[in-house]
A.B. asks: 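This is the structure I want to talk about, given as C-alpha cells.
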Amino acid sequence: MNAKRIDGVAAATRVLQTVRQDVAELTQSGVQPCLAVVLVGDDPASHVYVRNKVQRAAEVGIRSLEHRLPTDIDARELLSLINTLNADPTVHGILVQMPLPPQIDEASVIQAIRPEKDVDGFHRENVGGLVLGQNVLTPCTPTGCLYLLEQVLGELSGKHAVVIGRSNIVGKPVASLLLQAHCSVTLVHSRSKDAAALCRQADIVIAAVGRPRMVNAEWIKPGAVVIDVGINRIEENGRSRLVGDVDYDAVLPQVSAITPVPGGVGPMTIAFLMRNTVRAARLQNSLPVQPAAIR
Ligand code: GUN
C-alpha cells in the first residue's frame, strides 16, 4: 500500500461508525433518523447511487423511504410530494436525486425542500449560512473533502488551497469550507489566466472540473496534498475505466498525499449524507447539532 494514497473507503467507514453511534443514541431517545430519497426517471447511474444510499442508511440504522417517479412526471406532482415530505415530522432528510428530466426546473425543486431537511445542503438558506459561517447543513462531497484534509494535515490554518472548478455543488462550497478553516483560497476556472501557475502555488489542491487527467505534474508544487473529486469514464486500451481530474500516476512522485479515483472522495459523499441526516434529525427536534466537519 502506498503511504501517500488517501484511503477514502477506510475514512468513510470511520465516519459511518460515529454516525451509527449517533443514530443509536437518537433512536433510543425516541427519534429514529429518516431519509427520503426521490428518484425521477430511469437514469441507470442515478439508480445505482440511490440504491447505495438506501443500503448505507440501513447499515447505520437510518430509516429510508424511496419514492420513484416516472420520467414524464409533471413538476407540480414532484413539488406536491416534496410538500408532503416537508410536512411529515417522521422524515428528517429529503434528497431529490439529480439530474432531473428537462421539463423540471432543478433550482425550484431544491428551493421547495425545507432548509432543515435539505441534507444535500443545496438550498439558498444553507448556501448563505455556509458563507456566513453558520452551523447549517453543508454539501456532502465538500464536507468529505475537508474531513480528508484534516485527517492528513491536521491543522489547515494558513495553508494556500487552490480549488479547480467553480460548480455550485463542489467548487464554491468547498472554497467556503476551506476559508472557514482559515485557508487562503484561490478558485481557478476556465477563464483563469495560467491555471497551472496558480495551482503550482498550492499547499492543497482540490480538483473538481470533470476533465479526465487535466492536472498533471506541472501543476503541482512538491509536497502538496491533492484531493481529486473528478469521476470521469474514459475508454482506454479498449476498456472502459474511471479516472479523476488529476493524472494520478504522473503527480504521485511529487505529492505528499493524494486521493485515488475510485476509492478516494467518492465514499465520503454517502458517509456525510448519513451524517447530515442525523444532524437534520437533531435540528428538527431542538437538540444541539454537531458541527458539519468532524475530526
Ligand atoms: N447527483 C449526483 N450527485 C448528487 C448529489 O450529491 N445530490 C443529489 N441530490 N443528486 C446528485
Side-chain angles (χ1 to χ4, degrees), residues 8 12 15-16 34-57 62 64-69 71 73 75 78-79 81-82 85-86 91-102 104-127 130 136-148 165-174 176-177 206-210 227-233 242 244-245 261-262 264-277 279-280 292:
V15 173
L16 288 168
C34 171
L35 173 66
V37 183
V38 181
L39 176 57
V40 182
D42 43 24
D43 176 56
S46 291
H47 274 261
V48 173
Y49 288 139
V50 166
R51 196 170 58 225
N52 288 342
K53 286 166 185 171
V54 168
Q55 190 180 331
R56 205 64 80 232
I62 291 175
S64 65
L65 306 171
E66 225 182 308
H67 292 271
R68 292 176 182 237
L69 305 171
T71 311
I73 192 174
L78 177 56
L79 293 174
L81 170 62
I82 290 172
L85 296 170
N86 276 342
V91 171
H92 306 105
I94 302 172
L95 182 137
V96 180
Q97 186 67 29
M98 307 291 173
L100 292 169
I104 298 178
D105 174 43
E106 288 185 354
S108 55
V109 169
I110 291 167
Q111 288 314 115
I113 297 170
R114 258 182 68 191
E116 297 84 354
K117 298 194 177 190
D118 167 38
V119 282
D120 267 323
F122 292 165
H123 191 285
R124 270 203 292 269
E125 192 161 316
N126 288 322
V127 174
L130 168 60
V136 292
L137 296 171
T138 57
C140 305
T141 304
T143 310
C145 291
L146 263 285
Y147 176 79
L148 292 177
R166 52 175 162 177
S167 70
N168 290 338
I169 59 171
V170 182
K172 289 177 195 169
V174 88
S176 291
L177 288 167
I206 309 234
V209 264
I227 304 291
D228 190 353
V229 186
I231 302 178
N232 310 290
R233 187 164 287 285
L242 292 179
D245 293 344
V261 176
V265 173
M268 305 308 293
T269 302
I270 293 192
F272 278 89
L273 172 66
M274 299 304 135
R275 182 169 160 86
N276 264 354
T277 305
R279 294 176 71 230

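On a predicted model such as this, the values are computed, not experimentally measured, just so you know. In listed order, ligands and their atoms are each counted from 1.
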A.B. asks: Only counting residues at least two apart or in another chain, list the ones meeting side-chain hydrogen bond (donor to acceptor under 3.5 Å, both in side chains) with S167.
C.D. replies: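 Residues passing side-chain hydrogen bond (donor to acceptor under 3.5 Å, both in side chains) with S167: none at all.
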A.B. asks: Listing by chain and number, which residues have a heavy atom under 4.0 Å from ligand 1?
C.D. replies: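 Within 4.0 Å of ligand 1, protein side: L95, V96, Q97, M98, D120, F122.
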A.B. asks: Rounded to the nearest 0.5 Å, how far does NE2 of H92 lie from CG of L85?
C.D. replies: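 It comes to 12.5 Å.
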A.B. asks: Under the criterion side chain to side chain contact (heavy atoms under 4.5 Å, CB included), I'd like the reasoning laid out for L35 against M274: C-alpha separation, chi angles, the key distance, then a yes or no.
C.D. replies: CA-CA 8 Å; L35 173 66; M274 299 304 135; 4.2 Å; yes
A.B. asks: Out of curiosity, N276 CG to D120 CG, how far, rounded to the nearest 0.5 Å?
C.D. replies: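 One finds 8.5 Å between CG of N276 and CG of D120.
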A.B. asks: Out of curiosity, L79 CG to I104 CD1, how far, rounded to the nearest 0.5 Å?
C.D. replies: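 Here the interatomic distance stands at 8.0 Å.
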A.B. asks: Specify the closest pair of heavy atoms between G165 and V209, including all atoms of both residues, with the distance to one decimal.
C.D. replies: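 Closest pair (atom of G165, atom of V209, distance): CA-CG1, 3.8 Å.
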